[in-house]
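The first residue of the sequence shown is numbered 1, and numbering continues consecutively from there. Atoms within each ligand, like the ligands themselves, are counted from 1 in listed order. The structure presented is a predicted model; accordingly, all values stated were derived computationally and were not measured.
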Amino acid sequence: MTKIVTSLLSLSLACSAALAADAAISAVKVTDSLDAVKANSAVWSKAKFSSVTLYPQTSIEMNDKNANAITDTLKAKKAQVGALYDGKNIALMVKWADGSKDVQAGYASTTYSDGFAVQLAGTTAKPQPLPYIGMGSAGRPVVVHLQKANEKVYEPNGNMDVSTQINRNQTALFGKELKEYDAKVASLATTNYARTFVGEGFRSLTEVKDGSAKSTSGMVYANGGWSGTLVRPLQDAYVNLSGTVPLAIAVWDGSKMGRNGVKNLSAWVAVNLEGQKPNEALLADLTTDSKGDATKGKAALETNGCNGCHQMSAADPKNFMAPSLRTIGGYSTAGYLRESIVKPSAVVVPGYNRNAHKNTPWYTLEKGKRISTMTDFSHLDKNTVEDIVAYLQSLKAEVE
Ligand code: HEC
């Protein structure tokens, strides 16, 4: 008996070590110019790579049944992230395993491409509290750099619309037109799909097209995995990076229908610019787990009826009342979870499906401001909140 107890205990200790927040990434200062850095540039030998875990985001049910089913079984992935900076730019490399190279051809809408994105918290005097991890929140902007593996992208008006429809099954009738069309597409299309967006929440995302965000990115596939690179200025109209930089990384897998919602996403992670004074408060927020007691937290959560609105494990029925919390710990910091409990309207998760559940909205609008329909739990004492946060942090999808 003693033996079983000890081995259970060591198992749970091993688990809690594995659940720790990702450590800070060090951006190494280099004298080389980073302007033209690509995945194969020699300067990457100077970078220090750190492991960052990317989780499926299960809080929001999508409109698409297949996509939801895929997300339900998606496992977390480990990525290796390295960073460099010179006086002007920061360069990031994200390496992740992906057994199939999925590159989308410009005219084919039935295949999905692999891709990656880097999200940065937008300019504020103090980047705290952080924006919602899912593309920002009201008053807390983000910048998202998105790179997809595309062979050719052809958008006549630059808005991702295609103006001509061609029926490929009718080559007998339209063979000539089809050939001409394909040739035109090939000559007009660009081979790189790299975009920068700014937003304060899902649906507010706007592409930056006026040249005010200058970044270069690319993706190279080798040995069963991708290396994605991004170079962007330390300072521009949207961010002012120094000391400690909060960023998040997402990857899409085309073979798993990866696009839009189906992705693996990190929590906010810290990048320290070596040689600069770190932002200690932000660093602590990004790398420190709650010190609460997760077992007590589970009990407190049930006493307070959180599970009446939220799905807490895959075994519970799906629920439209509120976002599912069954893997919330993977992509949330302790600070975000704390704030969600005591100030529900500070960040309002936007993604409820208006068509599927009109009668259970997640927020109401008051003078244009979103007010969460979640009960305010600011009356809970600090220890109880910490215990609940520790429990929520332990809810994560398994790593593949
Ligand atoms: C009356 C239903 C209801 C109850 C009870 C409730 N919540 Fe919520 N909760 C919501 C709704 C709706 C949202 C989404 C809107 C928002 O962001 O506030 C939400 C959002 C959240 C989020 C953010 C989720 C995400 O995906 O980012 C967390 C964390 C959370 N709740 C935790 C709790 C905890 C812990 C309790 C109990 C102490 C609780 N909730 C009780 C309805 C509820």
Side-chain angles (χ1 to χ4, degrees), residues 55-62 68 71 119 129-140 142 200-204 248 250 261 263 265-268 289-290 292-313 316-354 356-366 369-397:
Y55 294 89
Q57 194 184 5
T58 52
S59 34
I60 296 160
E61 284 288 298
M62 288 164 276
N68 288 332
T71 297
Q119 174 175 259
L130 288 160
Y132 175 54
I133 191 72
M135 295 180 288
S137 44
R140 302 184 195 178
V142 293
E200 295 190 13
F202 183 62
R203 293 197 193 97
S204 75
K263 60 177 180 296
L265 172 71
S266 74
W268 286 108
D289 290 325
S290 168
D293 178 327
T295 311
K296 283 190 190 159
K298 183 174 193 293
L301 186 140
E302 284 159 12
T303 312
N304 284 288
C306 315
N307 51 337
C309 290
H310 291 282
Q311 185 197 38
M312 298 306 303
S313 85
D316 297 344
K318 286 196 174 177
N319 185 343
F320 285 138
M321 295 291 291
S324 170
L325 300 181
R326 70 187 191 276
T327 63
I328 189 80
Y331 41 91
S332 308
T333 58
Y336 172 73
L337 296 170
R338 228 169 262 137
E339 184 186 58
S340 299
I341 298 168
V342 300
K343 271 196 237 166
S345 296
V347 167
V348 177
V349 178
Y352 88 88
N353 187 332
R354 287 172 221 239
H357 54 111
K358 281 200 243 341
N359 301 326
T360 51
W362 292 0
Y363 58 83
T364 54
L365 282 174
E366 279 175 33
K369 205 178 166 292
R370 287 174 179 176
I371 307 294
S372 173
T373 51
M374 172 166 155
T375 324
D376 182 331
F377 286 95
S378 52
H379 59 275
L380 292 181
D381 68 87
K382 266 204 155 132
N383 290 341
T384 307
V385 172
E386 266 331 284
D387 292 344
I388 296 177
V389 170
Y391 173 57
L392 293 176
Q393 280 206 287
S394 74
L395 304 177
K396 295 182 177 184

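Annotation: side chain of V347 is in contact with side chain of Y336 (closest heavy-atom distance under 4.5 Å). By the 4.5 Å heavy-atom criterion applied to side chains, T71 and Q57 are not counted as neighbours. The closest side-chain heavy-atom distance from W362 to R370 is not below 4.5 Å. At least one side-chain heavy atom of P129 sits less than 4.5 Å from a side-chain heavy atom of R140. At least one side-chain heavy atom of P131 sits under 4.5 Å from a side-chain heavy atom of W268. No side-chain heavy atom of Y55 sits less than 4.5 Å from a side-chain heavy atom of T327. Counting only heavy atoms from C-beta outward, the side chains of V385 and I388 never approach each other to under 4.5 Å. L392 places a side-chain heavy atom less than 4.5 Å from the side chain of M312.
Atom NZ of K343 has 12 or fewer heavy atoms from other residues, nucleotides or ligands within 6.0 Å.
Taking atom 17 (O) of ligand 1 as the reference point, the nearest protein heavy-atom neighbour is V349 N, 2.7 Å. Among protein heavy atoms, the minimum distance from atom 41 (C) of ligand 1 is reached at F377 CE1, 3.4 Å. Atom 26 (O) of ligand 1 has S59 CB, 3.3 Å as its closest protein atom, hydrogens excluded (heavy atom only). Closest to atom 23 (C) of ligand 1 among all protein heavy atoms lies Y336 OH, 3.5 Å.
Residue-ligand proximity, M321 to ligand 1, at heavy-atom distances under 4.0 Å covers atoms 12 (C). Heavy-atom proximity to W362, at under 4.0 Å, picks out these atoms of ligand 1: 12 (C), 15 (C). Short contacts between ligand 1 and I328, defined as distances under 4.0 Å to a heavy atom of the residue, involve ligand atoms 24 (C), 25 (C), 26 (O), 27 (O). Near G305, the atoms of ligand 1 lying under 4.0 angstrom from a non-hydrogen atom of the residue are 5 (C). Near I388, meaning under 4.0 Å from any of its heavy atoms, are these atoms of ligand 1: 35 (C). Atoms of ligand 1 lying under 4.0 Å from at least one heavy atom of L337, given by number and element, are 29 (C). Atoms of ligand 1 found under 4.0 Å from any heavy atom of V348, numbered from 1 in the order shown, are 16 (C), 17 (O).
Remark: N359 pairs with no residue by the side chain to side chain donor-acceptor pair (under 3.5 Å) rule, at least two apart or across chains.
Judged by distance alone, the side chain of D387 and the main-chain N or O of D293 form a donor-acceptor pair under 3.5 Å.
The line from NZ of K396 to CD1 of I328 is 11.5 Å long, rounded to the nearest 0.5 Å.
Protein contacts to atom 8 (Fe) of ligand 1 involving N, O or S atoms at a distance below 2.8 Å are H310 NE2, M374 SD.
The side chain of Y132, and not its backbone, has at least one atom closer than 4.0 Å to an atom of ligand 1 (non-hydrogen atoms only; side chain from C-beta on).
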